[in-house]
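Everything below concerns the one structure shown next.
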Amino acid sequence: MYRFLLTPRWWGINVFAVLAIPVCIFMGSWQLSRFEDRVDSHRQQEDRSARAKTAAARPLERLLPVDQVTSGRQASARGHYDTGHQLLVPGRTLKDKHGERQGFYVLTLLRTDGGKALPVVRGWLPGDAGAKADTAKVPAPPKGEVTVTGALQASESQGTDGVPGGGGPAPGRLTMISAASLVNIVPYDVYDAWITLTDTQAPLRAVPPAAAEGSGLDLKAFQNLGYTGEWFVFAGFVVFIWFRLFRRESEAARDAALGIGVGVDGAVGADGGVGPEGGVGPEGCAGAEGGVELDGGVGAEGGEGQGEAASAGRAGGR
């Protein structure tokens with residue numbers, strides 16, 4: 001009854017199912033491992049951030065380049081502020097007791113002893129970076145040689161969380177904090193990193209360090225979790241379709257073996273069905289015994305007399 005499994009059509013179905021199910025399971029497991037890696041990385045980053053708050057600051061040069069391990073670490077640098085290139089970074093939000101508030105960062109470049117400049121976010125202020133009343137609250141940076149300490153951060157990009165979209169910045173503004181954005185603003189080299197100060201001047205508020213890119217539970221992490229479910233659903237769907245096709249084919253084969261189905265010229269099968277020419281079959285029809293004969297007489301064992309001979313005899317008796 002299952003000989004249909006050896007047909008070319010079913011060979012193709014079986015090969016597809018045997019290959020598709022392991023592939024779907026493998027891809028689902030891989031996406032799940034990616035999500036678990038992001039969860040572990042997020043926990044590790046939180047632990048590093050907690051330790052970094054109490055750890056001693058290290059020289060900037062020892063922590064470069066910025067990666068997931070050094071991001072958020074306390075870094076120190078020595079130099080003097082370039083007061084001629086103080087920039088405002090608009091469109092930045094910060095949480096406080098009133099909830100999330102819109103404001104701007106105050107960024108000043110620190111000319112280090114090595115010659116390069118380090119972007120230093122001195123703090124955050126609520127308000128509009130284009131309003132004179134709000135920008136008038138920005139305190140002047142300290143003069144002379146200073147040593148700054150803050151959380152080390154990687155350069156931002158267009159996809160970094162919190163970076164607003166839109167066109168180019170106005171004079172004295174900066175859309176995203178990166179060496180690529182500053183190279184056309186200042187006439188000297190800039191580190192491909194920045195720090196946010198731990199201790200700020202009033203009324204500035206300290207900007208908390210952001211998690212390293214790829215280490216948090218962001219949208220990409222939950223996309224991995226969603227893809228995990230999709231791949232396992234695909235595997236289950238392949239199994240469901242295979243059993244559905246198998247059941248339909250086996251039922252058709254069983255019916256054919258039992259002779260159930262429409263016969264030749266529209267006739268029904270042997271037991272009580274219509275015969276080949278539309279007549280009634282052997283068990284449900286009038287047979288030779290009791291059927292009507294060719295000359296109109298009734299059959300031999302249940303009919304009238306011998307036709308014309310019987311009629312003639314009755315006529316003579318009269």
Side-chain angles (χ1 to χ4, degrees), residues 49 52-53 55-67 70-94 103-127 129 134-157 160-164 169 171-213:
S49 298
K53 292 179 180 179
R58 299 181 61 185
L60 175 67
E61 296 289 348
R62 296 184 182 180
L63 299 175
L64 296 177
V66 184
D67 55 21
T70 60
S71 179
R73 294 285 298 272
Q74 292 292 307
S76 63
R78 187 171 181 82
H80 63 275
Y81 283 115
D82 182 2
T83 56
H85 290 96
Q86 180 162 274
L87 301 169
L88 304 180
V89 187
R92 301 305 176 105
T93 58
L94 204 66
F104 55 91
Y105 293 167
V106 178
L107 183 145
T108 310
L109 291 161
L110 180 76
R111 299 292 304 274
T112 64
D113 297 336
K116 280 188 175 182
L118 174 66
V120 177
V121 173
R122 296 169 49 222
W124 174 90
L125 279 177
D134 293 327
T135 58
K137 301 176 184 177
V138 177
K143 295 181 178 180
E145 193 170 46
V146 294
T147 299
V148 297
T149 302
L152 184 64
Q153 300 281 269
S155 290
E156 295 179 336
S157 61
T160 302
D161 188 28
V163 174
R173 312 283 194 276
L174 191 65
T175 304
M176 57 185 176
I177 308 171
S178 67
S181 299
L182 291 165
V183 69
N184 295 322
I185 299 177
V186 295
Y188 39 77
D189 293 335
V190 179
Y191 283 106
D192 191 20
W194 58 283
I195 66 171
T196 170
L197 293 184
T198 306
D199 298 323
T200 61
Q201 299 171 262
L204 297 175
R205 290 186 53 192
V207 176
E213 187 174 356

Non-hydrogen atoms of [X] and [Y] that approach each other most closely:
X	Y	value
A179	S155	N-OG, 3.8 Å
G72	A151	O-CB, 4.0 Å
P119	A117	CD-O, 3.8 Å
D113	G79	OD1-CA, 4.1 Å
F104	V138	CE1-CG2, 4.0 Å
L152	A193	CD1-CB, 4.0 Å

| So, R92 and E156, do they make that salt bridge, N to O below 4.0 Å? | yes
What is the distance from atom [atom1] of [X] to atom [atom2] of [Y], rounded to the nearest 0.5 Å?
X	Y	atom1	atom2	result
L64	D192	CG	CG	8.5 Å
Q153	S178	CD	OG	13.5 Å
D189	R111	CG	CZ	9.0 Å
S76	E61	OG	CD	10.5 Å
L125	T135	CG	OG1	9.5 Å
T112	H80	OG1	NE2	9.5 Å

Determine whether [X] and [Y] make a side-chain contact, defined as any pair of heavy atoms from C-beta on separated by less than 4.5 Å.
X	Y	value
Y191	K116	yes
Y81	Q86	no
P139	P203	yes
T149	L197	no
L88	V106	yes
I177	Y105	yes
L110	V148	yes
L182	L109	yes

| query | According to the interplanar angle, ranging from 0 to 90°, do the rings of H85 and Y188 count as parallel (below 30°), tilted (30 to 60°) or perpendicular (above 60°)? | reply | perpendicular
| query | After noting the C-alpha distance and the side-chain angles of V207 and R122, does the key distance pass the side-chain contact (heavy atoms from CB on, under 4.5 Å) rule? | reply | CA-CA 8 Å; V207 176; R122 296 169 49 222; over 6 Å; no
| message | Checking side chain to side chain contact (heavy atoms under 4.5 Å, CB included) between L118 and each of V190, T108, L60, which is the one that passes? | response | L60
| query | Above 12 or not: heavy atoms from other molecules or residues under 6.0 Å from CG of D67? | reply |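 More than 12 within 6.0 Å, yes.
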| request: Mark yes or no for whether W124, through its side chain, and L204, through its backbone, hold a donor-acceptor pair below 3.5 Å. | output: no
| task | Please determine, by modelled atom types, if R58 and Q74 share a side-chain donor-acceptor pair under 3.5 angstrom. | result | no
